[in-house]
Colleague: 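Sending over a structure as structure tokens; questions will come in a sec.
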Amino acid sequence: MDLSIGPLDLPAHVDEALAVQAVAFGLGPDEVAVRRQIVLRHMTGRGARAFGATTPEGRLIGFVYGMPNDRGHWWSTVVQPYLRAQHNEYWLDDSFVITELHVHPAHQNRGVGRALITTITDTASEPRSILSAIDTESPARALYRSLGYHDLARRVLFPSAPRPYAVMGAPLPLLRR
């Protein structure tokens, strides 16, 4: 399939993006409504940016967004004790956070996620990138490892999340395999 990867005005396309995330991540309407407000708030942050994967017809089938890490952000305050316990707290400084990366299931395993994450991290001035992923062996975790991410902390518990997460980090630029 011929796809275009490019900058995405995420606030203008938040509902399309969250429709992709809902299918990819199995979210219900209430969760989507909460995440909508979070995404819109994140996109007002310093250095926040997004990229999308669109079909020739203009249909959004994947997106990524992130920003330079800020220790005052909620995510950082949750993961910091886990990173400290593993002597990896320094990863919170001078890092670019991949906040969300989702590809519609019908388009997964075709290099879309790889193209999105490498495109956004190529725009980062920080020397490293961090992210969190569900702490299970999955295609997403395999993708991140193939790009040079490694586990910094595991069994990270986020409030209201039913499953533990892993925090992963990679030096930038990401590996190209």
Side-chain angles (χ1 to χ4, degrees), residues 3-8 10 17 20-21 24-25 35 38-39 42-43 45-53 60-105 107-158 161 163-177:
L3 296 175
S4 175
I5 306 288
L8 175 66
L10 189 52
V20 170
Q21 184 178 7
F25 217 54
R35 288 176 185 250
I38 293 168
V39 169
H42 281 163
M43 292 308 296
R46 177 189 62 83
R49 52 194 170 277
F51 288 84
L60 184 70
I61 58 95
F63 75 100
V64 63
Y65 83 91
M67 64 199 78
N69 192 51
D70 178 336
R71 280 182 175 253
H73 287 160
W74 174 84
W75 182 86
S76 289
T77 65
V78 173
V79 304
Q80 183 266 338
Y82 295 93
L83 292 173
R84 183 186 315 128
Q86 299 299 315
H87 307 288
N88 287 321
E89 184 179 1
Y90 69 95
W91 277 83
L92 292 173
D93 299 318
D94 210 17
S95 293
F96 186 83
V97 179
I98 302 300
T99 308
E100 299 286 351
L101 170 63
H102 299 285
V103 176
H104 190 284
H107 299 277
Q108 291 177 359
N109 300 312
R110 298 181 186 177
V112 178
R114 178 178 299 276
L116 285 166
I117 197 169
T118 57
T119 299
I120 197 168
T121 57
D122 283 350
T123 69
S125 60
E126 295 78 15
R128 57 185 163 255
S129 173
I130 54 178
L131 56 79
S132 54
I134 294 174
D135 193 1
T136 187
E137 293 311 310
S138 66
R141 297 275 310 277
L143 167 64
Y144 302 144
R145 284 192 191 97
S146 76
L147 293 165
Y149 285 89
H150 63 279
D151 292 341
L152 301 173
R154 300 201 54 200
R155 314 259 346 127
V156 175
L157 300 174
F158 288 101
R163 298 188 282 184
Y165 279 70
V167 176
M168 302 178 78
L172 294 180
L174 294 178
L175 297 175
R176 304 286 205 258
R177 291 186 189 166

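Throughout, residue positions are numbered sequentially from 1 according to the sequence presented. Worth saying up front: this structure is predicted, and the values here are computed from it rather than measured.
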Colleague: With sequence neighbours excluded, what pairs up with Tyr65 under the side-chain hydrogen bond (donor to acceptor under 3.5 Å, both in side chains) test?
Modeller: His42
Colleague: For His150, give me all partners under ring pair (Phe, Tyr, Trp, His ring centres under 6.0 Å), at least two apart in sequence or on another chain.
Modeller: Trp91
Colleague: Distance from Leu83 atom CG to Leu92 atom CG, nearest 0.5 Å?
Modeller: 5.0 Å
Colleague: Taking only residues two or more places apart in sequence or in another chain, which ones pass ring pair (Phe, Tyr, Trp, His ring centres under 6.0 Å) with Phe25?
Modeller: His102
Colleague: Quick one: which of Gln86, Gln80, His87 gives a side-chain hydrogen bond (donor to acceptor under 3.5 Å, both in side chains) with Arg84?
Modeller: Gln80
Colleague: Which atoms form the tightest heavy-atom contact between Ala53 and Leu116, and what is the distance?
Modeller: N-CD2, 3.9 Å
Colleague: What distance separates Ile130 CD1 from Asp94 CG, expressed to the nearest 0.5 Å?
Modeller: 10.5 Å
Colleague: Grab the two heavy atoms, one from Phe51 and one from Leu8, that are nearest each other, plus how far apart they are.
Modeller: C-CB, 3.7 Å
Colleague: What distance do Arg145 atom CZ and Leu175 atom CG have between them, rounded to the nearest 0.5 Å?
Modeller: 13.5 Å
Colleague: Check whether any side-chain heavy atom of Ile120 sits under 4.5 Å from a side-chain heavy atom of Phe96, and report yes or no.
Modeller: yes
Colleague: How about Arg49 and Thr123: does a side-chain donor come under 3.5 Å of a side-chain acceptor?
Modeller: yes
Colleague: Could you give me the CA-CA distance, side-chain angles and deciding distance for Ile117 and Leu131, then say whether side chain to side chain contact (heavy atoms under 4.5 Å, CB included) is met?
Modeller: CA-CA 11 Å; Ile117 197 169; Leu131 56 79; 4.0 Å; yes
Colleague: Compare all side-chain heavy atoms of Tyr149 with those of Ile98 and state whether any distance is below 4.5 angstrom.
Modeller: yes
Colleague: Please report the shortest heavy-atom distance between Leu60 and Val20, naming the atom on each side.
Modeller: O-CG2, 3.5 Å
Colleague: Quick check: closest heavy atoms across Asn109 and Pro139, and the distance to 0.1 Å?
Modeller: OD1-CB, 4.4 Å
Colleague: For residues 62-72, which residue pairs qualify under salt bridge (charged side-chain N to carboxylate O under 4.0 Å, His left out), counting only residues two or more places apart or in two chains?
Modeller: Arg71-Glu89, Arg71-Asp93
Colleague: Would you say the side chain of Trp75 lies within less than 4.5 Å of the side chain of Asn69, judging by non-hydrogen atoms?
Modeller: yes
Colleague: About how many Å separate OG1 of Thr119 and CG of Leu174, when rounded to the nearest 0.5 Å?
Modeller: 10.5 Å
Colleague: What is the distance from atom OH of Tyr82 to atom CG of Leu157, rounded to the nearest 0.5 Å?
Modeller: 4.0 Å
Colleague: Checking Arg141 now: which residues fulfil salt bridge (Lys or Arg N to Asp or Glu O under 4.0 Å) with it, not counting sequence neighbours?
Modeller: Asp135, Asp151
Colleague: Looking only at heavy atoms, what is the nearest atom pair of Thr121 and Ser129, with distance?
Modeller: CG2-OG, 4.1 Å
Colleague: Over all heavy atoms of both residues, which pair between Ile61 and Val112 is shortest? Give the atoms and the distance, please.
Modeller: CD1-CG1, 3.9 Å
Colleague: Any chance you could measure Ser138, atom OG, to Tyr144, atom OH, to the nearest 0.5 Å?
Modeller: 7.5 Å
Colleague: Could you list all the salt bridge (charged side-chain N to carboxylate O under 4.0 Å, His left out) pairs where at least one residue sits in residues 119-133, not counting sequence neighbours?
Modeller: Asp122-Arg176
